[in-house]
Peer 1: 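Quick one: this structure, given as structure tokens, is what I'll be asking you about.
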Amino acid sequence: MPDITLVEAVNLALARAMAEDDRVIVFGEDVAVDGGVFRATDGLLARFGPDRVLDTPLSEGLFAGLAVGVAAQGFRPVAEFQFMGFMLPALDQVMNHAGRLRNRTRGRLTCPLVLRAPYGGGIHAPEHHSESFESLFAHVPGIRVVVPSSPARAYGLLLSAIRDPDPVVFLEPKRLYRARRQEVPDDGAGAPLDRCFVLRPGTDLTLVTWGAMVAETLDAAQALDREGVAAEVIDVATLKPLDTDTILASVAKTGRCVIVHEAALTAGFGAEVAARLADDGLFDLRAPVRRVAGWDTVMPYPRQERRYMPGTDRILAAARGLMEYA
Amino acid sequence: MTDRVADFHVDFTRFLAPDGTAVAPLPGFFDDPTLRRLYGHMVLARAFDTKAIALQRTGRLGTYAPSLGQEAVAVAVGAAMVDTDVLVPSFREHGAQLVRGVTLQELFLFWAGDERGNDFAGPRQDFPVCIPVGSHAPHAAGVALAFKLRREARAAVCVFGDGATSKGDVYEAMNLAGAWTLPLVFVVANNQWAISVRRAHQTAARTLAQKAVAAGFAGEQVDGNDVVALCHALRQALDRARAGGGPHLIEALTYRLGDHTTADDASRYRDDEEVGRHWKEDPIARLRAHLTARGAWTRDDEEALLTDCAARVEAAARDAQALAPEPAAALFDHLYATLPPALAGQRAALVQAEADHA
């Protein structure tokens with residue numbers, strides 16, 4: 001079995017989901033004939049036909065609402081947004097409708113949809129193509145926000161997201177789309193939603209992160225290891241609902257926590273993790289909780305994006321600072 | 001050299017003049033029983049309206065959006081649809097909901113602020129009221145897409161007001177419906193006012209019906225206070241849509257005789273003279289005059305109907321108010337198919353707080 005990239009794993013999961021359930025349909029801009037701007041839907045039109053893979057007119061708010069309507073009729077739509085920066089018109093549909101439909105009809109109408117979008121910087125893309133707005137979606141009741149960090153995780157989490165009976169915003173770290181390959185058996189096994197994954201065990205320090213920043217965070221953990229610091233790395237994977245237990249259990253062991261995300265610091269999702277630690281982990285902490293995040297600036301154009309995105313150096317500096325607390 | 005590459009027209013249809021006189025022979029299916037039934041639905045819709053406003057004024061109902069003067073639009077929508085069609089309404093269509101089998105009690109529950117009012121026992125696939133203006137139009141497109149993909153002879157009906165035609169959502173849904181030949185009928189209940197902004201200030205377009213032309217399908221104007229013309233146009237559009245003929249738009253020219261909602265005071269932006277003029281177009285008086293002239297309606301019929309509607313509305317209002325609120329845990333119990341463990345603590349805290357308070 002050849003190793004595949006993250007974007008190929010997304011494609012594999014879509015094909016698997018469509019083969020096993022004919023209620024699954026895929027639509028968005030350029031997803032059919034063109035196979036998607038990142039080729040995530042490549043080959044699906046040929047295999048499943050024009051009734052199940054549809055190019056929509058260019059209107060993100062429209063096809064988010066289209067997904068709500070067709071999902072309420074029992075389909076399992078998976079809508080692709082080309083870039084997260086173009087997803088904001090869909091926020092109205094997610095917040096006012098997708099997240100509420102089951103609740104406001106007391107379960108009569110439901111919304112089993114998946115909205116997929118590549119997010120984050122690092123690929124030298126034009127303005128509006130590098131945003132990380134995950135905390136906007138994590139604030140919305142009634143939905144799930146899922147962020148894979150590897151090809152295997154993308155395959156398993158996307159399958160589970162499509163099979164889930166409720167709306168899921170599925171954010172794909174496009175910087176990792178083709179960054180590395182991994183063996184991903186096409187066995188149809190979903191990865192569990194609503195829980196964090198411990199990627200690396202450690203006893204001295206907990207590094208909490210998700211999506212694209214998992215790579216830099218694992219690099220930092222390796223560097224710390226060489227310095228004699230055993231860092232535990234947690235991949236949050238499902239931001240909402242947040243599996244606080246896994247994070248608290250880790251911090252109970254390590255007493256130190258650094259939260260790493262690419263999105264801007266203020267009201268970023270790291271603030272929620274830090275607040276949970278303040279609520280229920282305060283007496284386990286031996287040091288302040290630190291957040292390593294994007295600056296509270298506009299996402300810069302590509303020439304400056306490396307200065308915006310947290311790198312291993314900033315994670316290491318924060319971790320070393322915490323190790324000075326006995 | 002210049003060639004004309006596109007041309008279009010917009011028709012206006014009416015069968016009943018404001019005084020109830022037929023200005024054209026009515027289509028065959030409008031026999032006396034049908035007309036009496038439509039009249040009964042409109043009177044019931046108005047009786048609900050009256051009661052809802054009274055309940056709101058005495059603090060027993062939340063903010064309410066009356067449909068006074070627009071009953072013909074909603075009732076025609078409900079009457080022209082068949083059970084297997086799906087209604088995707090805005091918030092002034094309780095007349096359509098009633099005809100489709102939503103109960104008076106469910107309507108009172110909804111407007112009193114209880115989600116159970118949206119759990120219709122009747123039309124299980126109909127959407128509930130949509131409050132963010134125009135944002136339901138893409139849902140109707142999604143419902144219609146489902147019908148098309150399953151090759152079902154069904155249609156969706158999306159109703160919104162004149163104000164909603166200024167929203168991108170509405171145009172985007174129309175554009176898609178045209179491009180994909182979806183079985184979807186759009187109904188603009190043009191009541192001339194988007195809260196305080198009059199129709200002429202909303203758009204420079206001569207008609208709202210012509211907005212369909214840009215989306216590649218036909219739009220027409222219908223007298224929105226003539227339930228016969230509305231039913232006729234809707235039936236034709238729905239038959240065509242179910243047969244694969246694609247979308248259609250009906251601009252129903254009507255008038256909002258009441259306030260936008262019970263939180264609005266329409267006297268701030270329009271004068272009594274204008275409203276008084278439009279009372280002469282009242283859809284209920286119009287059909288009553290027509291029925292009376294046909295010899296199909298008597299004073300006794302009217303009294304019996306009013307008594308019956310009032311009794312049904314009173315009973316439903318009483319039943320809705322007698323229903324105990326859901327338990328506190330209901331806040332959480334319909335949020336997801338299965339409550340995620342991460343929310344169990346919040347649910348328990350709410351239930352506990354409620355128990356402590358009791």
Side-chain angles (χ1 to χ4, degrees), chain A residues 22-23 25 27 51-52 54-75 77 89-90 92-93 95-97 99-110 112-113 141-144 164-167 193-195 238 240-245 276 280, chain B residues 86 88 110 114-121 124-132 134-152 154 156 158 167-169 171-173 175-176 178-180 182 326 330-343 345:
Chain A
D22 60 15
R23 297 172 303 171
I25 57 174
F27 53 72
D51 271 7
R52 299 188 60 199
L54 302 100
D55 280 325
T56 64
L58 204 168
S59 170
E60 289 82 2
L62 166 74
F63 66 74
L66 185 75
V68 171
V70 81
Q73 273 290 314
F75 280 86
D92 181 26
Q93 288 293 337
M95 194 170 251
N96 281 325
H97 296 295
R100 309 169 72 106
L101 191 61
R102 175 188 291 280
N103 183 67
R104 67 194 291 261
T105 61
R106 288 300 185 248
R108 181 171 65 83
L109 297 176
T110 63
L113 57 82
I143 70 162
R144 286 185 162 78
D164 191 82
D166 290 304
L193 301 176
D194 303 357
R195 53 157 290 201
T238 299
K240 187 188 193 86
L242 177 63
D243 166 18
T244 314
D245 291 349
R276 303 286 179 103
D280 296 316
Chain B
V86 165
V88 186
F110 168 77
D114 190 320
E115 286 86 348
R116 287 173 295 181
N118 287 331
D119 187 11
F120 316 141
R124 294 292 291 169
Q125 295 182 25
D126 280 10
F127 267 64
V129 158
C130 179
I131 308 266
S135 64
H136 60 313
H139 307 164
V143 170
L145 174 62
F147 298 159
K148 184 177 175 173
L149 293 178
R150 289 195 294 248
R151 290 167 175 71
E152 295 171 336
R154 304 167 69 185
C158 185
K167 288 279 298 251
D169 290 335
Y171 174 71
E172 290 166 35
N175 184 55
L176 180 82
W180 287 4
L182 296 179
E326 291 179 285
L331 266 70
F332 287 91
D333 289 347
H334 304 278
L335 203 53
Y336 297 90
T338 309
L339 190 71
L343 287 172

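The sequence lines fix the lettering, A, B, ..., with proteins before strands; numbering per chain opens at 1.
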Peer 1: So, for B/P340 and A/D194, which heavy atoms are closest and what is the spacing to 0.1 Å?
Peer 2: CB-OD2, 3.8 Å
Peer 1: Given that the side chain runs from C-beta out, which part of B/F147 has a heavy atom under 4.5 Å from chain A: side chain, backbone, both or neither?
Peer 2: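 Side chain only.
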Peer 1: If you count heavy-atom pairs under 4.5 Å between each of A/L54, A/L193, A/I25 and chain B, which one has the most?
Peer 2: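 Between A/L54, A/L193, A/I25, the count favours A/L54.
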Peer 1: Sort B/A330 into side chain, backbone, both or neither according to what part of it lies under 4.5 angstrom from a heavy atom of chain A.
Peer 2: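 Both the backbone and the side chain of B/A330 come within 4.5 Å of chain A.
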Peer 1: Which atoms of A/N103 come close to chain B, meaning under 4.5 Å heavy atom to heavy atom: side chain ones, backbone ones, both, or neither?
Peer 2: both
Peer 1: Is there a side-chain contact between B/L145 and A/F75 in this structure, where contact means two heavy atoms from C-beta onward sitting under 4.5 Å apart?
Peer 2: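 A side-chain contact under 4.5 Å is absent here.
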Peer 1: May I ask you to decide whether B/E115 forms a salt bridge with A/R106, counting only side-chain N to carboxylate O separations under 4.0 Å?
Peer 2: yes
Peer 1: Which one, A/G107, A/G142, A/G61, leads in non-hydrogen pairs under 4.5 Å with chain B?
Peer 2: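 Top option by heavy-atom pairs under 4.5 Å: A/G142.
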Peer 1: Most heavy-atom pairs under 4.5 angstrom with chain B, which of A/V68, A/D245, A/D164, A/D243?
Peer 2: A/V68
Peer 1: Could you look at A/T110 and say if it's the side chain, the backbone, both or neither that has a heavy atom under 4.5 Å from chain B?
Peer 2: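 It is neither, since no heavy atom gets under 4.5 Å.
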Peer 1: What part of B/V86 is in contact with chain A, defined as an atom under 4.5 angstrom from a non-hydrogen atom: side chain, backbone, both or neither?
Peer 2: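 For B/V86, the contact with chain A is made by the side chain alone.
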Peer 1: Using the salt bridge (Lys or Arg N to Asp or Glu O under 4.0 Å) criterion, which residues pair with A/D51? Sequence neighbours excluded.
Peer 2: B/R151
Peer 1: Check whether A/R108 reaches the backbone of B/N118 with its side chain - one donor and one acceptor, N or O, closer than 3.5 Å.
Peer 2: yes
Peer 1: Top residue by heavy-atom pair count (under 4.5 Å) with chain B, among A/A71, A/S59, A/P165?
Peer 2: A/S59
Peer 1: Looking at B/I131, B/D126, B/V88, which makes the most heavy-atom pairs under 4.5 Å with chain A?
Peer 2: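 Highest number of pairs under 4.5 Å: B/D126.
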Peer 1: To check you understand the geometry: which heavy-atom pair defines the closest contact between B/C130 and A/H97, and what is its length?
Peer 2: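 Shortest heavy-atom contact: SG-CE1, 3.6 Å.
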Peer 1: Could you pull out the closest heavy-atom pair between B/N175 and A/P57, with the gap in Å?
Peer 2: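 Here B/N175 and A/P57 meet closest at ND2-CB, 3.9 Å.
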Peer 1: Check whether A/I143 gets within reach of chain B through its side chain, its backbone, both or neither, counting any heavy atom under 4.5 Å.
Peer 2: backbone
Peer 1: Chain A heavy atoms under 4.5 Å from B/L343: which part of the residue, side chain, backbone, both or neither?
Peer 2: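 Contact with chain A: none, neither part.
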Peer 1: Looking only at heavy atoms, what is the nearest atom pair of B/A342 and A/L242, with distance?
Peer 2: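 Closest approach of B/A342 to A/L242: CB-O, 3.3 Å.
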Peer 1: In sequence, state the C-alpha distance, the side-chain angles, and the governing distance for A/T105 and B/F120, and then conclude on side-chain contact (heavy atoms from CB on, under 4.5 Å).
Peer 2: CA-CA 8 Å; A/T105 61; B/F120 316 141; over 6 Å; no
Peer 1: Measure distances from B/P128 to the heavy atoms of chain A and classify the residue's part below 4.5 Å as side chain, backbone, both or neither.
Peer 2: both
Peer 1: Please tell me if the side chains of A/L62 and B/L176 come closer than 4.5 Å, counting only heavy atoms from C-beta onward.
Peer 2: yes
Peer 1: Could you tell me which residues satisfy side chain to side chain donor-acceptor pair (under 3.5 Å) with B/R154, sequence neighbours excluded, listed by chain and number?
Peer 2: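 Side chain to side chain donor-acceptor pair (under 3.5 Å) list for B/R154, sorted by chain: B/Q125, B/E152.
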Peer 1: Could you look at B/D119 and say if it's the side chain, the backbone, both or neither that has a heavy atom under 4.5 Å from chain A?
Peer 2: both
Peer 1: Would you name the heavy atoms of A/D92 and B/S135 that are closest together and state the gap between them?
Peer 2: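 Nearest pair, atom of A/D92 first, then B/S135: OD2-CB, 4.1 Å.
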Peer 1: Taking the six-membered ring of B/Y336 as reference, does the cationic atom of A/R102 (NZ for Lys, CZ for Arg) lie under 6.0 Å from its centre and within 45° of its axis?
Peer 2: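 Verdict for B/Y336: no cation-pi partner in A/R102.
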Peer 1: Please look at A/T244 and chain B and tell me whether the side chain, the backbone, both or neither of the residue comes under 4.5 angstrom of a heavy atom of that chain.
Peer 2: neither
Peer 1: Please flag which part of A/D55 lies under 4.5 Å from any non-hydrogen atom of chain B: side chain, backbone, both or neither.
Peer 2: backbone
Peer 1: Can you tell which of B/K148, B/E326, B/R150, B/H334 has the highest number of heavy-atom pairs within less than 4.5 Å of chain A?
Peer 2: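 Of B/K148, B/E326, B/R150, B/H334, B/H334 has the most heavy-atom pairs under 4.5 Å with chain A.
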